[in-house]
Amino acid sequence: METRKVQVTGGSTYTVSIPKTWATENDVEAGTEIEFHPDGDSLFLTPLSDSERTRGTLDIADLTGQALRRAVTTMYVSGFDVIELEAAEITTEQRSTVREAVQSLVGLEVLEETRDRVVVQDLLDSSELSIHNAVTRMRLISLSMLEDAITALGERDHDLARDVIGRDDDLDRLWLVVSRIFRATLRTPKAAEELGLPREECFDYHSSARQLERIGDHATKIAHLTLNIDEPLPDDVVEAVSDLHRDAVDVIDTSMDALFDDDTDAATRRANEARTGVRAIDERVRSIDELLRDLDPTRAQLLGLVVDSVLRSADYGGNIAETALQKAAPTP
């Protein structure tokens with residue numbers, strides 16, 4: 001750490017020098033324009049960039065299948081606007097994998113393809129992205145998936161179950177968008193400034209989005225389990241699972257309302273209500289376990305997995321409530 005003394009020039013202008021080592025490493029010299037970004041009681045400065053697009057290059061010669069797909073996704077989440085994929089010769093299989101990866105990511109398009117190069121670019125205007133809107137959309141999708149998964153279970157509706165499974169891709173795309181936005185706020189203060197949110201609040205949204213993505217995973221798990229059910233389920237078990245689902249949704253909804261509430265007192269009250277609801281759900285699960293004991297072992301195990309997924313979804317709602325409490329707490 002280096003320190004500098006603030007000086008006054010011209011009677012009214014405050015000036016401070018910057019470390020030469022930092023200036024050299026960032027190509028700052030006489031005449032270079034600097035951006036200043038206030039953040040609470042801190043002030044961040046960065047050299048003014050001539051290019052608004054962040055470019056990244058990746059050698060994919062040894063990458064295929066899921067490894068290649070993960071590599072493209074990682075560069076997207078890391079914040080690269082232009083991704084250049086290179087190899088001595090890019091195979092047809094690699095090109096197909098890249099296109100699949102691009103289609104699973106919001107805003108990406110393949111702009112150029114040659115024998116040894118594929119260029120992918122994010123066409124979205126980053127200033128128009130909203131982490132709040134993305135998390136709100138994730139909330140709607142994850143809860144609708146969970147509701148339809150429980151409906152499909154009770155009605156043995158395999159078509160609805162498959163629809164739930166398909167919607168998980170939409171939720172994953174939004175989760176990656178939230179992750180990309182959040183990492184951008186960590187990398188540069190300008191991103192947080194464009195969002196109009198403190199970086200701490202972006203962290204809260206990112207943390208909660210992760211919980212919503214996991215709720216979607218459990219809805220998908222229930223849907224997959226439903227595809228293995230051909231015989232009608234006992235009415236009392238279906239009703240008990242439906243009641244458990246309603247309680248879990250109450251927890252998740254109350255937690256998300258607390259997260260979005262700007263009134264700290266109201267947010268704290270709602271978050272504590274959600275945490276109390278999680279404890280009540282634990283008690284309800286014990287009564288459902290008693291019902292499952294009367295079923296044959298295979299069916300009891302399958303329904304036990306369903307109950308566990310609903311319980312875990314409620315727990316993820318409780319995690320969001322914890323985040324809401326932290327967001328509502330006074331900051332130092």
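Just so it is clear, the values below take in all heavy atoms, side chains as well, and ignore hydrogens, waters and symmetry mates.
- Pairs of residues two or more places apart, or lying in two chains, that qualify as salt bridge (charged side-chain N to carboxylate O under 4.0 Å, His left out) and include a residue from residues 291-303 are Glu290-Arg293.
- With sequence neighbours excluded, the residues satisfying side-chain contact (heavy atoms from CB on, under 4.5 Å) with Ala266 are Asp261, Asp263, Arg269.
- The ring-ring contact (aromatic ring centres under 6.0 Å, His included) test applied to Phe260 returns His132, Tyr205, not counting sequence neighbours.
- The stretch residues 105-116 participates, sequence neighbours left out, in these side-chain hydrogen bond (donor to acceptor under 3.5 Å, both in side chains) pairs: Arg95-Glu113, Glu112-Arg117, Thr114-Asp116.
- Here ring-ring contact (aromatic ring centres under 6.0 Å, His included) pairs that include residues 77-115, with residues two or more places apart or in two chains, number zero.
- Within a 6.0 Å sphere centred on CZ of Arg137, heavy atoms belonging to other residues, nucleotides or ligands number 12 at most.
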Cut-off 3.5 Å, no hydrogens considered: what does the side-chain donor-acceptor table look like for residues 61-68, sequence neighbours left out?
none

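- Defined by atom type and a distance below 3.5 Å, a donor-acceptor pair is missing between the side-chain atoms of Arg199 and Thr185.
- Residue pairs that meet the salt bridge (charged side-chain N to carboxylate O under 4.0 Å, His left out) test with at least one member in residues 300-329, sequence neighbours left out, are Arg275-Glu322, Asp308-Arg312.
- Not a single side-chain hydrogen bond (donor to acceptor under 3.5 Å, both in side chains) links Ser96 to another residue, sequence neighbours left out.
- A donor-acceptor pair shorter than 3.5 Å can be found between the side chains of Arg279 and Thr276.
- Residues meeting the side-chain hydrogen bond (donor to acceptor under 3.5 Å, both in side chains) test with Asp170, sequence neighbours left out: Arg173.
- Applying the side-chain hydrogen bond (donor to acceptor under 3.5 Å, both in side chains) test to residues at least two apart or on different chains, the pairs with a partner in residues 218-242 are His218-Ser309.
- Taking Arg180 as the reference, Tyr76, Asp81, Asp122 meet the side-chain contact (heavy atoms from CB on, under 4.5 Å) condition, with sequence neighbours excluded.
- Hydrophobic side-chain contacts under 4.5 Å tie Val82 into a cluster, directly or through other members, with Val119.
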